[in-house]
Amino acid sequence: MTDTTTDRPGVIDARPVRHPGRWVALAVILVLVAMLVSSFLTNERWNFPKALEIMRQTPVLEGLWKGTIIGTIGSMVIGIVGGIIIAVLRLSENPILRGVSFVYTWFFRGIPRLVLLAMIGSGVGFLYNRLDFGLPFGQQLASFMGLSSDFTFFTLNVNQFSSTLLAGIIGLGLSEAAYMAEIARAGILSVDKGQAEAASALGMNRGQAMRRIVLPQAMRVIVPPTGNETIAMVKDTSLLSAIPVITELYYQTSAIGNRTLLIMPAFVAVTAWYLIVGSVLMVGQYFLEKRFGRGFGTPSNKRFARPAGAGGA
């Protein structure tokens with residue numbers, strides 16, 4: 001009978017691979033960080049106490065709440081809802097709907113947001129100082145028929161409306177919808193077509209299948225870039241000064257810096273607020289990704305776990 005114990009290898013003296021380059025890189029990074037911190041602490045021109053004081057001033061807090069936070073929420077609501085609608089139209093079998101959605105995406109992705117907001121703030125009011133809402137061609141019909149009423153139900157003063165926060169939110173939202181349309185379209189296309197076919201076999205129409213089956217699965221792909229777009233929108237609200245909207249974070253801190261000649265403390269204050277808001281949104285994005293990513297992939301802590309019932313050597 002053969003002794004199988006002699007076939008086993010001896011004790012393996014495994015040694016970890018040396019990585020001297022990592023330690024050199026760590027040392028260089030630590031030196032650079034120390035130099036950066038030292039420049040912050042030793043250069044009095046940063047004036048961090050004054051920056052903290054500017055952060056707490058009422059106009060700055062009002063601009064943070066109204067212009068930045070409310071502006072971001074309103075713009076993203078319009079952008080997400082509009083983007084999903086445009087993405088569905090882009091994937092429609094109707095060539096007219098596909099063409100309309102393509103032209104919309106092409107137009108708003110091609111115009112810089114600063115130019116778009118400037119046009120809304122001054123150009124639209126110059127072209128159309130008032131907008132009448134009523135029956136189509138109501139004024140022409142009333143004039144032709146000799147009626148006293150021109151079938152106008154509501155009149156909007158464009159010059160007054162174009163300089164409001166609502167006009168800025170609409171402008172940013174329309175621009176964001178073009179980008180969200182491509183994000184939503186990529187998410188919808190990432191879902192296997194068999195899911196929609198199975199929903200159709202269960203008696204669901206196309207709208208029900210989209211709401212109940214396709215979009216929930218597409219959220220895994222949609223959420224990460226949407227989080228990036230939301231954080232970018234927080235910074236893009238600084239463009240509302242082109243409307244012009246003065247109840248906005250950057251506008252208020254810049255005005256305080258110019259008035260008091262404390263330029264760098266004002267920049268530090270507005271940077272700190274943007275970092276705080278962006279950090280909060282990053283935490284929210286992490287939990288949303290975790291929620292919609294359930295059931296996809298393998299958790300890292302269980303990747304190399306031994307299957308249940310497996311015996312040891």
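Quick note: numbers below take in every heavy atom, side chains included, and nothing from hydrogens, waters or symmetry partners. Model, not experiment: these values are computed from the prediction.
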Handout entry: Side chain proximity check, Leu189 to Arg185, heavy atoms < 4.5 angstrom
Key =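 Yes, at least one pair of side-chain atoms sits under 4.5 Å.
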
To the closest 0.5 Å, what do you measure between [atom1] ([X]) and [atom2] ([Y])?
X: Ile85; Y: Ser101; atom1: CD1; atom2: OG; result: 12.0 Å
X: Ile80; Y: Thr230; atom1: CD1; atom2: OG1; result: 5.5 Å
X: Ile73; Y: Thr237; atom1: CD1; atom2: OG1; result: 11.5 Å
X: Ile54; Y: Lys50; atom1: CD1; atom2: NZ; result: 6.5 Å
X: Ser75; Y: Ile169; atom1: OG; atom2: CD1; result: 5.5 Å
X: Ile78; Y: Glu176; atom1: CD1; atom2: CD; result: 11.0 Å

Check the surroundings of atom [atom1] in [X]: do more than 12 heavy atoms from other residues, nucleotides or ligands lie under 6.0 Å from it?
X: Arg98; atom1: CZ; result: yes
X: Phe40; atom1: CZ; result: yes
X: Ile96; atom1: CD1; result: no

Practice task
Verify side chain to side chain contact (heavy atoms under 4.5 Å, CB included) between Leu89 and Val100, making sure each step is shown before the conclusion.
Solution key: CA-CA 8 Å; Leu89 297 180; Val100 171; 5.7 Å; no

Tell me whether [X] shares a hydrophobic cluster with [Y], the cluster being built from Ile, Leu, Val, Met, Phe, Trp, Tyr side chains joined at under 4.5 Å.
X: Leu127; Y: Ile243; result: yes
X: Val234; Y: Leu249; result: yes
X: Trp65; Y: Leu275; result: no
X: Met233; Y: Leu116; result: yes
X: Ile70; Y: Tyr251; result: no

Practice task
Give the C-alpha distance, both sets of side-chain angles, the deciding distance and a yes or no for side chain to side chain contact (heavy atoms under 4.5 Å, CB included) between Leu262 and Ile256.
Solution key: CA-CA 8 Å; Leu262 298 172; Ile256 292 174; over 6 Å; no

Practice task
Tell me, with the steps shown, if Ser162 and Val124 meet side chain to side chain contact (heavy atoms under 4.5 Å, CB included).
Solution key: CA-CA 8 Å; Ser162 61; Val124 175; 5.6 Å; no

Specify the closest pair of heavy atoms between [X] and [Y], including all atoms of both residues, with the distance to one decimal.
X: Met55; Y: Ala269; result: CG-CB, 3.4 Å
X: Ile120; Y: Gly171; result: CD1-CA, 3.5 Å
X: Ala177; Y: Gly82; result: CB-C, 4.0 Å
X: Leu240; Y: Gly67; result: CD1-O, 3.7 Å
X: Pro265; Y: Arg45; result: CD-O, 4.4 Å
X: Tyr104; Y: Leu174; result: OH-O, 2.8 Å

Problem - Aromatic plane relationship, Trp46 with Phe48 - under 30° parallel, 30 to 60° tilted, over 60° perpendicular - result: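 Parallel: the ring planes of Phe48 and Trp46 meet at under 30°.
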
Is [X] reaching over with its side chain to a backbone N or O of [Y], donor-acceptor style, under 3.5 angstrom?
X: Gln217; Y: Ile213; result: yes
X: Tyr250; Y: Thr68; result: no
X: Ser238; Y: Lys235; result: yes
X: Ser38; Y: Met35; result: no

Problem - Contacts of Val115 that satisfy side chain to side chain contact (heavy atoms under 4.5 Å, CB included) - sequence neighbours left out - result: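 With sequence neighbours excluded, Val115 shows a side chain to side chain contact (heavy atoms under 4.5 Å, CB included) to Ile111, Pro112, Met119, given in chain and number order.
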
Problem - Sequence neighbours excluded - side chain to side chain donor-acceptor pair (under 3.5 Å) pairs with any residue from residues 264-289 - result: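 Passing the test, one end in residues 264-289: Glu248-Tyr274, Gln285-Glu289.
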
Practice task
Provide the full list of side chain to side chain donor-acceptor pair (under 3.5 Å) pairs with a residue in residues 78-93, sequence neighbours left out, each pair given once.
Solution key: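 For residues 78-93: Arg90-Glu182.
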
Practice task
Apply side chain to side chain contact (heavy atoms under 4.5 Å, CB included) to Val268 and Asn47, showing your working.
Solution key: CA-CA 9 Å; Val268 172; Asn47 202 347; over 6 Å; no

